[in-house]
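We count ligands from 1, going down the list as the structure has it; atoms in each ligand are counted the same way. These numbers were taken from a predicted model, which means no experiment stands behind them.
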Amino acid sequence: MTVQSNSALPGEIVSLDELRAVAQDGTQLRYALMELADQIPDAIALGRGDPDLDAPPHVIAAAQAAVRDGRADQLAPILGLPDLREAIAEKLQRENGISGSADGVLVTNGGQEGLYLVMQALLDPGDEILVPDPRYSSYDQAIAQAGGRMVLVPTEPAENFELRADALEAAITPATKAILLISPNNPTAGVISPANLRAIAELAVARDLIVISDEIYEKHVYPPSQHLSIASLPGMAERTITLNGVSKAYAMTGWRVGYLTAHPEFIRVLAGIKAATAGPVAAVSQYAALAALTGPQDVLEEYFAIYSRRRQVMLDALDALGLTYGAPQGGYFIYTNVSSTGLGAFELCYLLLKEGHVLIFPGTAFGEKWIDWLRISYLQPEETLREALARMKTVLDRHRTA
Ligand SMILES: Cc1ncc(COP(=O)(O)O)c(C=O)c1O
């Protein structure tokens, strides 16, 4: 395949300024770009963060069985299927060292609903929450709609975007109620080291802060980095809300099953809001998630090996293009700096989509100040990634001014 030179973008948005105008915030920008890419038949999407791999076969079989024997027809309890909540509590104990029972587990419509419910229940107007910058910008809306105030805590490329305890401490004010941790992080692929996480836990205890720990990418951590759950550390279980789900780990985004664990009283508050809004998660998806969590886990290694190879393909190509990045420690994103091209990242994304038919998100979709950055996901087969990289090179060679 070759790049179709200067081919126009189909759809209503055709100019860079029009695109800028519709993208009022990070989430809108991501969706506007995805809509445009959907209209380009040969577009290669390196935008979204949803795994392209298939869910494990035993998961699909479990869902089919639930449909066949009528269990999928039944409305699940608002908190989630008891067997699934039990399996989640056991998983959290076994893999994450988080003790607790099924009482402290809520099954949600993806991690997305979980994070939204948490912010609505936790934050009162004026409460401050410390959030790593750049960040998964869905948190912005959830926090704003709860009346909370997001206080951005910088993370640095030179430190591979690890969120540091001292940076958090410097941002605490009398209004601070909570700290949001996302490790591995989206969009930066930064991972919080165990030593630093211990310091964050001590800070949370000392300053009496609640921690929300988004661990949705926990299965994608590149050694020597490692994953540690903050709720397993002394004094943390009672002040931590741990968020997770099967979307990323088991390549099950479309099934929409997330979960979170917290104090049982808090879980009941969340369930009250959930009952008034989305209701329970579809039973069929919960049976599938149960199979994912209790079935063979070797598929996780297979997925990880695939992501690791792709990551290397991407890093080698970015090096060849002269683009720098914070070395990705986890997840399946690379946050890369394009200032060496002389082009702004937003403009470059536009050109990549318009001329190269490659969808990549600008860093500004994850934080206003990241005007020189792109988030590239590698959720495509290796061959497709190579094609996307070749197209990127063609577009860059044509437009780079530096
Ligand atoms: C950091 C983070 N948390 C939560 C989610 C929500 O995931 P889902 O709703 O697919 O489970 C995402 C999705 O991209 C994410 O990146």
Side-chain angles (χ1 to χ4, degrees), residues 26-31 33-34 45-53 55 59 80 84 88 91 105-120 129 131-143 150 155 161 163 179-192 211-221 227 229-230 241-261 270 274 277-278 281-282 285-286 288-289 292-293 303 307 328-335 359-361 363 365-367 375-379:
T27 304
Q28 284 184 26
L29 175 55
R30 282 186 279 133
Y31 277 87
L33 285 166
M34 285 189 293
L46 307 183
R48 267 197 103 102
D50 309 327
D52 57 311
L53 304 175
V59 164
L84 178 57
I88 291 167
K91 180 263 179 220
V105 172
L106 176 69
V107 181
T108 57
N109 283 287
Q112 197 73 21
E113 188 194 26
L115 71 85
Y116 188 83
L117 290 175
V118 166
M119 295 306 165
Q120 304 318 302
I129 173 165
V131 174
D133 190 39
R135 70 263 173 203
Y136 178 49
S137 47
S138 288
Y139 279 102
D140 298 24
Q141 286 91 29
I143 293 166
M150 183 168 69
T155 60
F161 295 104
L163 180 66
I179 301 174
L180 171 66
L181 306 179
I182 307 174
S183 182
N185 181 276
N186 173 9
T188 63
V191 167
I192 303 175
V211 172
I212 298 135
S213 181
D214 182 332
E215 303 185 9
I216 204 145
Y217 297 102
E218 67 166 337
K219 298 294 181 196
H220 308 304
V221 177
H227 181 71
S229 292
I230 197 165
I241 301 154
T242 305
L243 248 145
N244 208 326
V246 297
S247 299
K248 315 290 177 184
Y250 298 94
M252 289 175 65
T253 318
W255 297 84
R256 309 309 303 134
V257 183
Y259 55 86
L260 54 87
T261 185
L270 298 181
K274 185 166 171 48
T277 52
V281 175
S285 291
Q286 297 200 50
L293 292 173
Y303 290 158
Y307 294 135
Q329 309 293 307
Y332 22 58
F333 306 112
I334 304 173
Y335 209 53
L359 170 66
I360 290 174
F361 291 149
F366 308 94
R375 188 196 79 174
I376 309 177
S377 63
Y378 40 93
L379 298 168

Under the side chain to side chain donor-acceptor pair (under 3.5 Å) test, residues paired with Lys91 that sit two or more places apart =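 For Lys91, the residues satisfying side chain to side chain donor-acceptor pair (under 3.5 Å) (neighbours in sequence not counted) are Glu95, Asn96, Glu218.
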Report the nearest protein non-hydrogen atom to atom 5 (C) of ligand 1: residue, atom name, distance rounded to 0.1 Å.
->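 Answer for atom 5 (C) of ligand 1: Tyr136 CE2, 3.6 Å.
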Considering heavy atoms of the protein only, find what lies nearest to atom 13 (C) of ligand 1 and give residue, atom and distance to 0.1 Å.
->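 The answer is Lys248 NZ, 3.1 Å.
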Return the option from Gln112, Glu215, Arg30, Arg256 holding the heavy atom at the smallest distance from atom 10 (O) of ligand 1.
->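 Nearest option to atom 10 (O) of ligand 1, by heavy atoms: Arg256.
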Nearest neighbour of atom 7 (O) of ligand 1 from the list Ile216, Asp214, Asn244, on a heavy-atom basis |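 Comparing heavy atoms across Ile216, Asp214, Asn244, the nearest one to atom 7 (O) of ligand 1 lies in Ile216.
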So if I count the atoms of ligand 1 from 1 in the order they appear, which ones are less than 4.0 Å from some heavy atom of [X]?
| X | answer |
| --- | --- |
| Thr253 | 10 (O) |
| Gly110 | 9 (O), 11 (O) |
| Ile182 | 1 (C) |
| Ser247 | 8 (P), 10 (O), 11 (O) |

Backbone or side-chain N or O of [X] under 3.5 Å from ligand 1 N or O:
| X | value |
| --- | --- |
| Asp50 | no |
| Tyr217 | yes |
| Gly111 | yes |
| Asn109 | no |
| Asn186 | yes |

Can you tell me if Ser137 uses its side chain to pair, donor with acceptor, with the backbone of Ala365 under 3.5 Å?
->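 Here the side-chain-to-backbone pair exists.
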Can you check whether Asn185's main-chain N or O pairs, donor with acceptor, with Ser183's side chain at less than 3.5 Å?
->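 Answer holds: no.
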Just heavy atoms, cut-off under 4.0 Å: does Glu113 contact ligand 1 by side chain, backbone, both, or neither?
->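 Within the 4.0 Å criterion, Glu113 makes no contact with ligand 1.
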Taking the side chain as C-beta and beyond, is there a heavy-atom pair between Leu33 and Leu359 under 4.5 Å?
->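 With C-beta onward as the side chain, the pair touches.
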Could you check if a side-chain atom of Gln112 sits within less than 4.5 angstrom of a side-chain atom of Thr253, using non-hydrogen atoms only?
->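 No, side chains not in contact.
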Please verify whether a non-hydrogen atom of Gly245 lies at under 4.0 Å from ligand 1.
->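 For ligand 1, residue contact (heavy atoms, under 4.0 Å) with Gly245 is absent.
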For Glu215, enumerate each residue passing the salt bridge (charged side-chain N to carboxylate O under 4.0 Å, His left out) test, keeping only those at least two apart in sequence or located in another chain.
->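 With neighbours one apart ignored, the set is empty.
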Mind listing the closest non-hydrogen atom pair of Pro328 and Phe333 along with its distance?
->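 Of all heavy-atom pairs spanning Pro328 and Phe333, the closest is CB-O, 3.5 Å.
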When rounded to the nearest 0.5 angstrom, what is the spacing between CG in Leu115 and CG in Leu180?
->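 Leu115 atom CG to Leu180 atom CG measures 8.5 Å (nearest 0.5 Å).
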Tell me whether the centres of the aromatic rings in Tyr332 and Tyr217 are closer together than 6.0 Å.
->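 Distance test on ring centres: under 6.0 Å, yes.
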Could you walk me through whether Asp140 and Arg135 pass the side-chain contact (heavy atoms from CB on, under 4.5 Å) test, one step at a time?
-> CA-CA 9 Å; Asp140 298 24; Arg135 70 263 173 203; 2.8 Å; yes
